[in-house]
Amino acid sequence: MAGSADHSKLYWGVFWALAALTVLTVGASYLDLGHSTNLWVGILIAVTKASLVATIFMHLKYEGKLTRGVAAFPICLFVLLSTVLVVDISNNWISQFGNKGAWSQPGMQTSGGHAAGGGGGEHH
Amino acid sequence: MENVAALPHPGVSLQHARAKFGMWLFLGSEVMFFAGFIGAYIVLRSANPGLFEREFAQLSRPLAAINTMFLIASSLTMALAVYSSQHGQREKVGNFLMATIMLACGFMVIKTIEYTTKFSHGIFPSTSVPFAIYYTLTGFHALHVFAGILALLVLWGRAQAPASATAMAGACELVGLYWHLVDLIWIFLFPLLYLLKFP
């Protein structure tokens, strides 16, 4: 039982870290760092939070290689999927659709009931 | 310092080790389930970032932030429930499980408020592509929260009745893993839907 007394303290520590990171990510989203920086800061904070949950709360830190591998495999597939998508989008779509967005044709409805045509991508 | 959470501690059977491995495989399939939708989100949003930004500006950041806190707190109480179950503290297990259920219900109440507010403004999944993917992602996540609440209720019932401490610890850990994944998925959905803007 060595260290067992510390374990609930560790969980509380992780909770406060997660809460602080949540406040940080909400705060950062209000800062105008540029869309790219905002995006990466948000993703970085989310990955940090997820790592804390997976390693400490889900005990992945203490699991064997096989379990870690099972956990890592779908994450690798997801990263691969996202990377391929982003590379494809940035290489091909911009040249094909310019700043207008791939499906911002006139007549596209939005929740305001107005057409969204040509409105996409004005933040490039 | 080999950890108690590490297992095996005395009484943990091979059966539990197998069940836990099975749970990890299931969680892997859950990650891929959401990966498909998040992939669709990336494609759709990249295709028209401006429209997504305008539509998602109508989502409530404070409500989503409160919901994030609910889930994080529920992950803490779940971890403490698992910890208590591994130390045979039956009463604490029940209390922590109930706290987890309450926090999960809090999440669902806020999600319901969000949905009904949107519906009252005439915003449905068919309203626009951004809201279609918003309802798909948050809807499936809420469904997972609901399933988690059911599993937690069953577990809480078991914690009230005299049962084998080992069996309780095993079941608690399996449900705990699932619950943490539900939290983990929300950790990504929150910034993706409510906070971030695509370049």
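Reminder, nothing fancy here: chain letters follow the sequence lines and each chain counts from 1. Below, all heavy atoms of this structure are taken into account, side chains as well, without hydrogens, waters or symmetry copies.
Aromatic ring pairs are classed by plane angle as parallel below 30°, tilted from 30° to 60° and perpendicular above 60°; the pair B:Phe124 and B:Phe119 is parallel. Using cut-offs of 30° and 60° on the angle between ring planes, the pair A:His7 and A:Tyr11 is perpendicular.
With a 4.5 Å cut-off on non-hydrogen atoms, B:Leu25 touches chain A through its backbone and its side chain both. Looking at A:Leu39, the atoms closer than 4.5 Å to chain B (heavy atoms on both sides) sit in the backbone and in the side chain alike. Interface remark: A:Phe57 contributes backbone and side-chain atoms alike to the contact with chain B (heavy atom separation under 4.5 Å). Contact annotation for B:Phe190: only side-chain heavy atoms (C-beta onward) come within less than 4.5 Å of a heavy atom of chain A. Neither the backbone nor the side chain of A:Val41 comes within contact range of chain B; no heavy atom of the residue lies under 4.5 Å from a heavy atom of that chain. Residue contact with chain A, scored on non-hydrogen atoms closer than 4.5 Å, involves the backbone and the side chain of B:Ala73 alike. Only the side chain of A:Leu85 comes within contact range of chain B, with at least one heavy atom under 4.5 Å from a heavy atom of that chain. Proximity to chain A (any heavy atom under 4.5 Å) is restricted, for B:Thr68, to the side chain, taken from C-beta onward.
A cation-pi arrangement is present between B:Arg61 and A:Tyr30 under the rule of less than 6.0 angstrom and at most 45 degrees off the ring axis.
Side-chain atoms of A:Arg68 come within 3.5 Å of backbone atoms of A:Lys61 as a donor-acceptor pair (strictly under, hydrogens ignored).
For B:Tyr41 and B:Phe198, the distance between ring centers is under 6.0 angstrom. Between B:Phe140 and B:His144, the ring centre distance reaches or exceeds 6.0 Å.
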